[in-house]
Asker: 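My structure is below; once you've seen it, I'll send some questions.
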2 protein chains.
Amino acid sequence: MAVTARTYDASQYERPSVTVDVVIFTILDSELKVLLVKRKNWPCEGMWAIPGGFVDMNEGLEEAAYRELREETSVSGQDVYLEQLYTFGNPGRDPRTRVITVAYFALVGADKLHLPEGGLRAASDAAGVGWFSAYTPPLLAFDHAEILEYAITRLRYKLEYTAVGFQLLPERFTLRELQEAYETVLSEKLDKGNFRSKLRKSGAVEATDAYQETGGRPARLYRFRDDAVAEIKTRRLFP
Amino acid sequence: MAVTARTYDASQYERPSVTVDVVIFTILDSELKVLLVKRKNWPCEGMWAIPGGFVDMNEGLEEAAYRELREETSVSGQDVYLEQLYTFGNPGRDPRTRVITVAYFALVGADKLHLPEGGLRAASDAAGVGWFSAYTPPLLAFDHAEILEYAITRLRYKLEYTAVGFQLLPERFTLRELQEAYETVLSEKLDKGNFRSKLRKSGAVEATDAYQETGGRPARLYRFRDDAVAEIKTRRLFP
DNA sequence: ACAAAAGTGTTGAGAGTACACCCATGC
DNA sequence: GCATGGGTGTACTCTCAACACTTTTGT
């Protein structure tokens with residue numbers, strides 16, 4: 001019986017390793033991007049993988065996720081959305097030993113990233129880190145393709161039910177940029193007028209007095225209103 | 001850097017213990033109930049807790065959850081809904097050692113439970129297992145109150161967005177029973193007419209030719225249609 | 001006949017959708 | 001002027017929510 005197994009001396013049990021992996025998304029060039037790192041060790045040496053690492057013995061899980069995020073992107077906790085995604089623990093997912101991975105997913109605004117000189121290309125070749133299209137990633141190590149797929153599914157749900165989408169954009173953005181972000185994540189065309197009127201009614205954004213040149217009429221820049229949102233008025237879907 | 005830390009010899013790291021806890025819900029006497037077990041060891045000896053146990057080295061997480069479920073309720077995998085809930089891993093949540101708990105939540109139909117003789121009262125006193133009102137549980141061990149709260153929140157979401165609610169009821173049920181199940185979980189009165197008409201349109205249930213006596217006009221018994229449901233047509237809520 | 005519970009129908013208000021239209025800027 | 005993109009309004013449709021109503025049983 002499980003309860004009796006929970007004795008004081010837990011050390012008699014062999015323990016698995018526990019890691020935290022973070023699927024980091026952003027939007028660049030109107031595309032949904034994910035951050036990947038190149039593995040330097042066996043197994044899967046040279047393959048791309050979702051960044052992650054072992055959980056320190058005195059460190060909380062979320063704490064570890066923030067640490068990974070900071071190590072890979074130099075982005076502080078204030079500037080990101082971070083959420084636990086799922087825990088993957090099939091025996092055999094890592095050939096070395098039993099590894100249980102608590103996966104997180106993170107949304108980072110493109111303006112928070114200070115890209116290295118030479119841009120993305122140079123970064124991905126030299127440093128072994130790079131942004132990849134989330135829908136057409138390279139071959140990934142371990143079961144990371146499954147983790148990425150799961151993260152994309154969750155991101156779509158989140159986008160439809162909450163207002164986290166803003167975390168993917170720079171602090172000030174045009175409404176077209178916001179709509180394009182939604183369209184790329186959802187892979188679906190949206191109606192301009194309806195998108196804007198719903199947005200206006202929700203009170204989630206406020207206009208700034210700055211404009212951005214676009215080739216036609218300049219577009220007003222908007223800002224996300226973090227006070228008014230958080231909870232989207234949710235309606236029961238079933239039954 | 002995290003990536004370099006992922007070397008072959010993972011044994012150099014101290015490893016946490018990993019357990020799986022399962023929050024098991026059912027509906028009895030028009031109330032949402034949760035299964036709790038009485039702890040027999042230090043710490044928290046004698047307190048009620050969510051059933052759980054260590055993950056075996058060659059056992060998947062979900063596999064472990066099904067095992068717990070079977071051990072506590074003798075219910076097979078076919079007859080339940082099981083879903084991963086969240087992973088709790090704050091250092092210090094267990095005073096003995098670092099324990100990371102992958103929590104699952106399960107929905108079991110009341111007809112699947114073969115209650116011991118003497119009913120609930122006897123069971124909870126003697127065997128150290130019992131069903132408790134989920135909204136007014138006893139004082140729980142460790143951070144299990146938090147886990148239960150989280151499970152209830154998730155259950156409500158699930159009920160509104162999907163058709164899992166049927167898993168809480170016996171195979172054949174009256175529409176009033178179904179509505180009462182929804183009302184207890186959501187803590188909210190629903191309109192009879194609207195509830196029924198939406199349910200009819202969704203095609204989620206089908207009538208049987210059996211009836212149940214109720215004190216007034218006999219109520220028709222319905223059955224869940226597992227083919228037609230699964231995916232509730234979801235509409236974007238934001239923006 | 002009356003109470004109790006099952007089961008259906010109606011109607012006004014509000015949300016969603018498609019689409020057309022005006023505005024400001026560069027060439 | 002005209003192309004390009006920003007920004008708004010309208011009208012039709014459908015769903016939602018409150019409430020009234022009919023039907024079938026037991027006493």
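Within every chain, numbering begins at 1; the chains are lettered A, B, ... in the order of the sequence lines, protein sequences first and strands thereafter. All heavy atoms count here, side chains included; hydrogens, waters and symmetry mates do not.
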Asker: I need the CD-P distance between A/Glu213 and D/dT4, as an integer number of Å.
Answerer: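 Roughly 18 Å, once rounded to whole Å.
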Asker: Closest nucleotide of DNA chain D for B/Lys201 versus for B/Pro218: which of these residues is on the 5' side?
Answerer: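 The residue mapped nearer the 5' terminus is B/Lys201.
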Asker: Got a second to check how far A/Phe142's CZ is from A/Met47's CE, nearest 0.5 Å?
Answerer: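 With rounding to 0.5 Å, CZ (A/Phe142) is 9.0 Å from CE (A/Met47).
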Asker: Could you measure the distance from the CG atom of B/Leu32 to the CG atom of B/Leu168? Nearest 0.5 Å is fine.
Answerer: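 Those atoms lie 7.0 Å apart.
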Asker: Given B/Tyr182, which of B/Leu178, B/Thr184, B/Val185 fulfils the side-chain contact (heavy atoms from CB on, under 4.5 Å) condition?
Answerer: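 The residue from B/Leu178, B/Thr184, B/Val185 that satisfies side-chain contact (heavy atoms from CB on, under 4.5 Å) with B/Tyr182 turns out to be B/Leu178.
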Asker: Rounded at 0.5 Å granularity, tell me how far CD in A/Gln167 sits from NZ in A/Lys112.
Answerer: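 These two atoms lie 7.5 Å from each other.
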Asker: Want to settle it: does A/Ser197 or B/Tyr211 sit nearer the 5' end of DNA chain C, counting the closest nucleotide to each?
Answerer: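 Closer to the 5' end of DNA chain C: B/Tyr211.
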Asker: Can you check the B/Leu190 CG to D/dC19 P distance for me, whole Å?
Answerer: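 Spelled out: CG on B/Leu190 to P on D/dC19 is 15 Å.
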Asker: What is the distance from CZ of B/Arg220 to C1' of D/dT24, rounded to the nearest Å?
Answerer: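 Rounded to whole Å, this separation is 13 Å.
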Asker: Between D/dC16 atom C1' and B/Leu199 atom CG, what is the distance in whole Å?
Answerer: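 Going from B/Leu199 (CG) to D/dC16 (C1'), I get 16 Å.
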Asker: By nearest nucleotide on DNA chain C, pick out whichever of B/Asn194 and A/Gly193 is the more 5' one.
Answerer: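 Result: B/Asn194.
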Asker: Just compare D/dA18, D/dC16, C/dT17 and give me whichever is closest to any side-chain atom of B/Lys198.
Answerer: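 Shortest atom-to-atom distance from the side chain points to D/dC16.
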Asker: Which nucleotide sits closest to the side chain of A/Arg217: D/dG6, C/dA6, D/dT25?
Answerer: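 That would be D/dG6.
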Asker: Under 3.5 Å, is there a donor-acceptor pair linking the side chains of A/Arg93 and A/Thr101?
Answerer: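 A donor-acceptor contact under 3.5 Å links the two side chains.
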Asker: Rounded to the nearest angstrom, tell me the gap between atom CD in A/Gln212 and atom P in C/dA24.
Answerer: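 One finds 19 Å between P of C/dA24 and CD of A/Gln212, rounded.
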Asker: Output the rounded distance in Å from CZ (A/Phe173) to P (D/dG6).
Answerer: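 From A/Phe173 CZ to D/dG6 P: 14 Å.
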Asker: Given D/dC19, D/dG7, D/dG5, which nucleotide is nearest the side-chain atoms of B/Asp191?
Answerer: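 Minimum distance to the B/Asp191 side chain belongs to D/dC19.
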Asker: Whether the side chain of A/Lys192 and the base of D/dG7 hold a donor-acceptor pair under 3.5 Å is what I'd like checked.
Answerer: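 Yes.
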Asker: Report the distance from atom CZ of A/Arg196 to atom C1' of C/dC22, rounded to the nearest whole Å.
Answerer: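 In whole Å, C/dC22 C1' and A/Arg196 CZ are 14 Å from each other.
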Asker: Starting at CZ of A/Phe195 and ending at C1' of C/dA18, how long is that distance when rounded to a whole Å?
Answerer: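 To the nearest whole Å, that distance equals 17 Å.
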Asker: Look at the side chain of A/Arg200 and decide which nucleotide, out of D/dT24, D/dG6, D/dT8, has an atom nearest to it.
Answerer: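 Of the candidates, D/dT8 comes closest.
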Asker: By nearest atom, which of the nucleotides D/dA18, C/dA6, D/dG7 is closest to the B/Thr214 side chain?
Answerer: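 When the side chain of B/Thr214 is considered, C/dA6 is the closest of D/dA18, C/dA6, D/dG7.
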